[in-house]
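All remarks here apply to the structure that follows.
Since the structure is predicted, the reported quantities are computational estimates derived from the model, not experimental observations.
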Amino acid sequence: MFLYTKNFDEQKAKAMESLRKALAENKVDEDIVSLLEKINALENYFTTSSCSGRISVMEMPHFGDKVNSVWLGKWHRTVKVEEVLEAIGRHEKGQLWFLVRSPILHVGARTMEDAVKLLNLAIGLGFKYSNIKSVSHKKLLVEIRSTERMDVPLGADGELWVSEEYIKRIVGIANDQLRRFKGKLRRLEGEIGKLELK
């Protein structure tokens with residue numbers, strides 16, 4: 001069994017300070033705060049970064065260029081068609097994309113046994129893309145990820161390629177996906193305490 005006790009305690013203290021600052025600056029998704037608190041209350045785990053999942057409209061020079069991309073709309077909740085159309089209306093140049101991203105959490109674990117317990121719990125609750133992200137003498141990190149995702153091109157350089165009816169349909173699918181992964185987050189929050197059981 002790999003032990004990371006010394007580094008782990010130092011890393012957790014730093015991570016908790018970073019989280020306190022992020023919370024004070026409203027940089028943490030509100031609907032995931034209680035889950036983060038429950039994970040961080042566990043002796044052998046701490047969170048390093050998180051997103052509760054989102055629906056977004058994004059303008060980018062070309063697909064994958066995150067640095068130069070611009071959010072035209074971003075929601076961590078179900079979204080109305082009107083909100084999406086309003087965001088689309090702000091499009092001027094580059095590629096226009098409608099995106100869904102599932103939740104992602106990075107969690108430090110004290111030992112490999114702890115990491116595997118968390119990984120098995122997450123996968124069992126539907127976070128099928130979860131994995132052990134990093135294994136070294138300095139860091140042991142579990143990534144919790146779900147499978148829901150959409151990447152839909154809508155237009156480019158101010159031109160819309162799809163109809164309003166099509167947009168209504170993809171918004172409906174996106175909202176269904178969001179409700180599904182938010183449910184998984186709630187189940188994870190309900191089950192996370194089991195990690196401390198011997």
**Prompt:** Would E191 and K194 pass as an ion pair if we require N to O under 4.0 Å?
**Reply:** yes
**Prompt:** Do the side chain of D65 and the main chain of N68 share a donor and acceptor less than 3.5 angstrom apart?
**Reply:** yes
**Backbone of A109 reached by a side-chain donor or acceptor of D114 within 3.5 Å** = no
**Request:** Return the minimal non-hydrogen interatomic distance between S34 and E189, and the atom names on each side.
**Result:** OG-OE2, 2.9 Å
**Asked** Do side-chain atoms of K182 reach the backbone of H76 as a donor and acceptor pair under 3.5 angstrom?
**Response** yes
**Message:** Quick check against the 3.5 Å criterion: does N131 have a side-chain atom that pairs as donor or acceptor with the backbone of Y129?
**Reply:** yes
**Request:** Indicate yes or no for a side-chain donor-acceptor contact from Q11 to the backbone of G108 under 3.5 Å, with no hydrogens or angles considered.
**Result:** no
**Asked** Does a side-chain N-to-carboxylate-O contact under 4.0 Å join K80 and E82?
**Response** no
**Message:** Quick check for you: to the nearest 0.5 Å, what is the distance between Y166 atom OH and L160 atom CG?
**Reply:** 11.0 Å
**Intermediate values then yes/no, side-chain contact (heavy atoms from CB on, under 4.5 Å), I167 and L85** = CA-CA 8 Å; I167 291 167; L85 291 172; 3.8 Å; yes
**Request:** Any chance you could measure I39, atom CD1, to N44, atom CG, to the nearest 0.5 Å?
**Result:** 13.5 Å
**Prompt:** Any ion pair linking E165 and R169 (charged N to carboxylate O, less than 4.0 Å)?
**Reply:** yes
**Item:** Modelled atom types, side-chain donor and acceptor of K128 and T147, under 3.5 Å
**Value:** no
**Asked** Side-chain donor-acceptor pair under 3.5 Å between S130 and E143, yes or no?
**Response** no
**Rounded distance (nearest 0.5 Å) linking atom CD of E43 with atom NZ of K12** = 7.5 Å
**Request:** Report the distance from atom OG of S52 to atom CZ of F181, rounding to the nearest 0.5 Å.
**Result:** 7.0 Å
**Message:** Test side-chain hydrogen bond (donor to acceptor under 3.5 Å, both in side chains) on S69 and E59; report intermediate values, then the result.
**Reply:** CA-CA 6 Å; S69 295; E59 187 176 80; over 6 Å; no
**Message:** Surrounding CD of E25 (heavy atoms of other residues, nucleotides or ligands, distance under 6.0 Å), is the total greater than 12?
**Reply:** yes
**With I170, the side-chain contact (heavy atoms from CB on, under 4.5 Å) member among V81, V84, L154, V162** = L154
**Message:** Less than 6.0 angstrom separating the ring centers of F8 and F46, yes or no?
**Reply:** yes
**Message:** Pair R101, L99 - check side-chain contact (heavy atoms from CB on, under 4.5 Å), show working.
**Reply:** CA-CA 7 Å; R101 292 292 179 268; L99 308 169; 4.0 Å; yes
**Complete:** Between the CZ atom in R180 and the CG atom in L185, the distance rounded to the nearest 0.5 Å is 12.5 Å
**Prompt:** Can we say R77 and E83 salt-bridge, meaning some charged N sits less than 4.0 Å from an Asp/Glu carboxylate O?
**Reply:** yes
**Message:** Please determine whether a side-chain nitrogen of the Lys or Arg among R90 and E86 lies less than 4.0 Å from a carboxylate oxygen of the Asp or Glu.
**Reply:** yes
**Asked** Judged by modelled atom types alone, do S146 and E148 share a side-chain donor-acceptor pair under 3.5 Å?
**Response** yes
**Message:** Evaluate M150 against F98 for side-chain contact (heavy atoms from CB on, under 4.5 Å), listing each step before the verdict.
**Reply:** CA-CA 7 Å; M150 285 176 68; F98 180 82; 4.1 Å; yes
**Asked** Can L140 and I132 be said to form a side-chain contact (heavy atoms from CB on, under 4.5 Å), step by step?
**Response** CA-CA 8 Å; L140 184 55; I132 296 178; 4.2 Å; yes
**Request:** Could you tell me whether the side chains of T78 and N175 share a donor-acceptor contact shorter than 3.5 Å?
**Result:** no
**Prompt:** Are the side chain of N40 and the backbone N or O of M16 linked by a donor-acceptor pair below 3.5 Å?
**Reply:** no
**Asked** Taking atom NZ of K184 and atom CZ of R179, what is their separation to the nearest 0.5 Å?
**Response** 14.5 Å
**Message:** Please check: side-chain N/O of H106 versus main-chain N/O of L141, any donor-acceptor pairing under 3.5 Å?
**Reply:** no
